[in-house]
Each structure stands twice: as structure tokens, then as C-alpha cells.
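Counting convention: from 1, in listed order, for ligands and their atoms alike.
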Amino acid sequence: MISKILIANRGEISLRIIRTCKEMGIATVAVHTTVDQDAMHVRMADEAVCIGKPRSPGNKESYLSISAIISACEITGSHAVHPGYGFLSENSEFVEQLEDHDITFIGPSSKHIKLMGDKITAKETMLGLGVPCVPGPNESIDSVEMARSVARDIGYPVIVKASAGGGGRGMKVVRSEDDLVQAYHGAQQEAGASFGNEEVYLEKFLPHGRHIEIQVLGDGQGNAVHLGERDCTIQRRHQKLLEEAPCPVLDDQTRMEIGGICSKAIAEMGYKGVGTIEFLYDSGQFYFIEMNTRLQVEHPVTEAIYGIDLVKEQIKVASGNALDIMQEDLKARGHSIEVRINAETVPDFIPCPGKVGLYHSPGGLGIRMDSFLYNGYSVPPNYDSLIGKLISHGENRTLAIAKLKRALEELIVHPISTTAPLFQLLLEDKDFLKSRYDIHWLEKWLKENGDLLKNN
Ligand code: ADP
């Protein structure tokens with residue numbers, strides 16, 4: 001069994017991982033940059049190592065430096081690394097280098113990360129395993145002529161996507177042939193700048209889908225289960241803001257069918273660890289878009305309804321244990337919703353770092369607040385603006401919403417602007433309450449309700 005884990009991350013996810021390690025009796029090592037020396041993950045870990053200055057655009061320092069992380073493992077005698085999400089969590093080279101140094105990566109093999117990290121090979125693999133995919137050829141588009149002919153075959157609207165894509169970047173929707181050339185070059189440029197890889201592909205644009213993702217867990221020994229789905233349809237600029245489980249518009253039979261297809265695919269691949277198979281769900285059909293080979297930001301909603309600690313399961317399978325959960329043992333209970341509390345102004349989403357004078361975390365039955373804030377902490381401007389995740393769990397969706405509203409009222413992050421007022425308004429909306437929305441709904445809602453948010 002693993003006895004010490006270095007957490008190659010920061011923020012709320014580092015704390016979340018440390019908590020499980022403590023419960024399992026595993027020693028923890030935090031890494032941090034010079035601006036993060038007073039961060040809560042550094043205080044909570046058993047040991048901490050400074051790995052340099054914060055990231056600046058274009059450099060691969062600190063949390064993105066493979067050599068710095070491996071050196072920190074060697075200095076502290078850590079034989080396992082948990083990558084969290086983001087940073088090096090889906091970097092196959094990192095995993096290969098850890099393997100070379102005899103350090104266990106808490107996650108899948110480098111082979112599976114590579115396979116799923118490229119969206120074209122991911123689609124090809126999933127199709128081969130019987131998972132339904134968005135219509136479009138599984139090949140990169142190398143010229144404008146090819147883009148034209150493929151788009152005509154698929155039929156407009158189409159979407160140009162970066163094969164190395166992530167975080168909603170490198171994606172352009174094309175409604176007619178007149179816009180194709182510009183979108184093609186635009187996506188290529190964005191992909192090159194964001195991922196160092198200009199490769200793009202084309203697929204059908206599904207204008208009214210919902211984003212539904214299946215949580216899977218495999219042991220790399222041919223056993224796998226699914227833990228139902230999460231609905232992440234509430235998005236802005238292809239980025240999730242609110243997630244819930246179960247999906248309010250899916251019935252049990254459909255859930256078990258798509259979940260079964262996913263767990264079978266994972267078992268056949270020999271996949272080890274947690275993973276998320278993401279779909280667009282449109283007119284009763286699922287269309288695979290990508291697989292994330294790591295823990296997701298929104299994993300707590302699944303933990304809430306299944307009563308399972310996903311980080312504990314990750315550590316168990318990474319230690320070589322066979323899966324000890326059977327599909328028939330997994331029974332979901334109630335409804336859970338997560339909202340992302342970002343240090344941003346609303347409705348324009350401008351990052352708002354700075355010193356937190358007063359922080360008060362909501363609590364009570366069915367409320368979980370995963371945050372690294374404390375009174376006097378300064379949110380640095382160098383990183384993602386996520387400062388907390390507020391999660392509610394109730395017997396049904398109505399009760400989960402009521403709890404979340406109550407918890408949002410309790411939250412104090414003074415004087416920093418956060419996205420909390422947005423959710424207070426959203427949770428009152430009649431279309432939201434009736435689950436009548438698609439992936440583009442929130443952007444329209446923000447235009448209509450922007451003034452109300454400004455006055456907040
Ligand atoms: P990323 O890896 O950048 O997060 P994804 O492939 O997961 O990109 O897509 C992110 C979001 O972009 C989806 O949740 C959806 O809102 C939108 N999207 C992606 N592909 C399509 C498509 N074919 N049709 C419509 N929307 C899409």
C-alpha cells in the first residue's frame with residue numbers, strides 16, 4: 001500500500017486529496033510556488049516543498065515542471081504522486097518519467113492518457129468499443145479544401161475543434177461555408193497558441209444538446225463500474241459553472257444503458273483509475289465528445305449521491321488492488337448540485353484576486369464547501385479564479401436547490417467579488433427549476449439578466 005503521496009497541485013483539490021490521505025493514514029507532501037507559501041494546502045500537508053516562482057505565460061515552471069515535481073518526490077521520499085486536475089494531470093510524458101523513477105502515478109497508464117488526450121484517437125477508440133460518437137470523420141483536417149469537403153458531407157452547422165483541446169479553447173462553430181476558412185484558421189491558431197499543436201478536426205455541431213458525462217472507475221485488471229452521470233449543461237464559453245447528479249431529464253433505464261456501454265468500454269481497455277466519458281445528449285441520443293482521464297472538478301456531486309470517496313478509490317486501484325465495488329452495489333441516493341465559486345465579477349466575469357478580509361463557509365446537513373480560503377488569505381492573480389465549490393445534497397432536486405440557496409446566503413468572502421450572486425439568481429429561474437435548458441441557454445440568460453446581476 002502507498003504510504004506517502006506528493007500532491008502535484010494547489011488550491012481546493014490539493015486540500016481535498018490531503019483530507020482523504022489523512023483518513024487513510026497516508027503521509028502527504030505539498031508542493032508550492034513562492035506566492036503560494038501561505039496557502040492552506042501547504043499548512044495542511046505533513047511536508048511542503050517550494051518548487052519555484054509562479055507560472056508566467058509561456059514558461060513551464062513550478063506546477064507544470066516535471067523535473068521540479070520529481071525532485072520534490074526524491075527529496076521527500078514520496079513514492080506516489082496524485083496530480084489532481086489541470087496542470088500535469090493529463091500529461092503522458094509526466095507519467096512516463098514517473099514510471100522511470102519508480103514513482104506511482106495515481107491515475108491511468110501513459111498509454112491511455114495519450115490515447116484519450118488526442119480527441120481524434122479518442123473518438124476512434126470509443127467508436128471501436130461501441131460508444132456512440134458525434135458524426136464526423138476521425139481524421140485531422142489538413143487543408144481548407146479538405147475542410148470544405150468534410151463540412152459539406154457532414155452538413156452545416158459544423159464545429160472545428162482542436163485535437164489536443166481542453167478548457168473550451170480551440171473551438172469554432174461554423175454555420176455556413178462563407179465562415180469556414182476564417183473559423184478553420186482561427187481554431188488552428190488558437191490550438192497552436194494554447195496547446196502547441198495546430199491539429200484540428202471537424203464534427204457536426206449539435207445546437208440543442210445537454211452536456212452529460214458518465215463517471216467510470218476501472219482497476220486495470222479488466223474490472224470496471226460506472227457511477228451514473230453528471231449534468232454539466234450550465235456553461236459559459238464551453239466552461240462549466242454548475243453541475244448536478246443525477247441528470248434531471250434522464251430515466252433510470254437510459255442511465256443504466258449508457259453507463260453500461262461506458263463501463264464495458266473501460267473494462268475492455270484495461271483502464272485503471274477514475275475517468276469521465278463526456279457526451280452531448282440531443283433528442284434522446286448520446287454523442288461522445290471526449291474522455292477526461294483524471295478526477296473532475298465536479299466529482300463531489302457523484303460522491304454525494306453514491307456515498308463513495310473517489311480519491312480513496314483512485315488510491316486503492318493505483319496501489320494495485322482489484323476493484324471491490326460491484327455495479328449492483330452502487331445505488332444513488334437523492335440529488336446533488338455543485339456551483340463553482342470563482343473570484344470574478346458578474347456578469348462580466350473579470351478575475352478579482354486580492355486579500356480576503358472575512359471568510360465564512362456555509363455548513364449544515366447536506367452542505368459541503370471545498371475551499372482553500374481563510375481570513376486574511378490573499379488570492380493570488382497567477383492562477384485559475386476558482387476559490388471554492390459549494391455542493392448541496394438533498395433527497396430530491398427541489399430540496400437540493402433549497403439547501404444550496406440557503407448555503408449561498410451564508411457564504412461570506414469579503415471584500416472579493418464572486419460568482420455567488422449569479423447562482424442566487426439562477427436558482428430562482430423558472431426554466432432552471434424545470435430543467436429546461438441546453439448548453440447555450442446560460443449565455444442567453446446572462447444577456448437577459450446581466451442588469452439584475454450588476455445591481456447585486
Ligand atoms: P474541452 O476539452 O475544451 O472541454 P469538449 O470537447 O469537452 O472540449 O467540449 C466542451 C463543450 O463544448 C461541450 O460541453 C459543449 O458545450 C461544446 N461542444 C463540444 N463539441 C460540440 C459539438 N459537436 N456540438 C455542440 N457543442 C459542442
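Closest to atom 12 (O) of ligand 1 among all protein heavy atoms lies His238 ND1, 3.1 Å. In this structure, atom 14 (O) of ligand 1 lies nearest to the protein heavy atom His211 ND1, 2.7 Å. In this structure, atom 3 (O) of ligand 1 lies nearest to the protein heavy atom Gly168 N, 2.6 Å. For atom 20 (N) of ligand 1, the nearest non-hydrogen atom of the protein is Lys161 NZ, 2.9 Å. Looking only at heavy atoms of the protein, atom 24 (N) of ligand 1 is closest to Leu206 N, 2.9 Å. Counting only heavy atoms of the protein, atom 16 (O) of ligand 1 lies nearest to Gln235 OE1, 2.8 Å. Looking only at heavy atoms of the protein, atom 9 (O) of ligand 1 is closest to Met171 CE, 3.7 Å.
Nearest to atom 4 (O) of ligand 1 by heavy-atom distance, out of Glu290, His208, Lys119, is Glu290.
Look at His440 and you'll find every heavy atom at least 4.0 Å from all atoms of ligand 1. Residue contact annotation: Gly209 has no non-hydrogen atom under 4.0 Å from ligand 1. Not a single heavy atom of Gln239 lies less than 4.0 angstrom from ligand 1.
Polar contact with ligand 1: absent for Phe205 (N/O pair, distance under 3.5 Å).
The existence of a salt bridge linking Asp153 and Arg148 is excluded, since no basic side-chain nitrogen approaches an acidic carboxylate oxygen closer than 4.0 Å. The pair Glu93-Lys114 does not count as a salt bridge, with every side-chain nitrogen at least 4.0 angstrom from each carboxylate oxygen. With respect to Lys119 and Glu290, a salt bridge is recorded, a charged nitrogen being found less than 4.0 Å from a carboxylate O.
Listed by atom number, the atoms of ligand 1 under 4.0 Å from Glu278 heavy atoms are 7 (O).
When ring centroids are compared, Tyr377 and Phe372 come within the 6.0 Å threshold. Residues Phe205 and His440 bring their aromatic ring centres within 6.0 Å.
Contacts with ligand 1 closer than 4.0 Å are made by side-chain heavy atoms of Leu280 only, the backbone lying farther away. The backbone of Lys204, and not its side chain, has at least one atom closer than 4.0 Å to an atom of ligand 1 (non-hydrogen atoms only; backbone = N, CA, C, O).
Just one residue in the list His299, Gln314, Glu90, His82 forms a side-chain hydrogen bond (donor to acceptor under 3.5 Å, both in side chains) with Arg294, and that residue is Glu90.
Classified by interplanar angle (parallel below 30°, tilted 30° to 60°, perpendicular above 60°), the ring pair Tyr63/His41 is tilted.
If you check the side chains of Glu395 and His335, you find no donor sitting under 3.5 Å from an acceptor.
Contact annotation: the side chain of Lys123 approaches that of Glu203 to within less than 4.5 Å [non-hydrogen atoms, C-beta and beyond].
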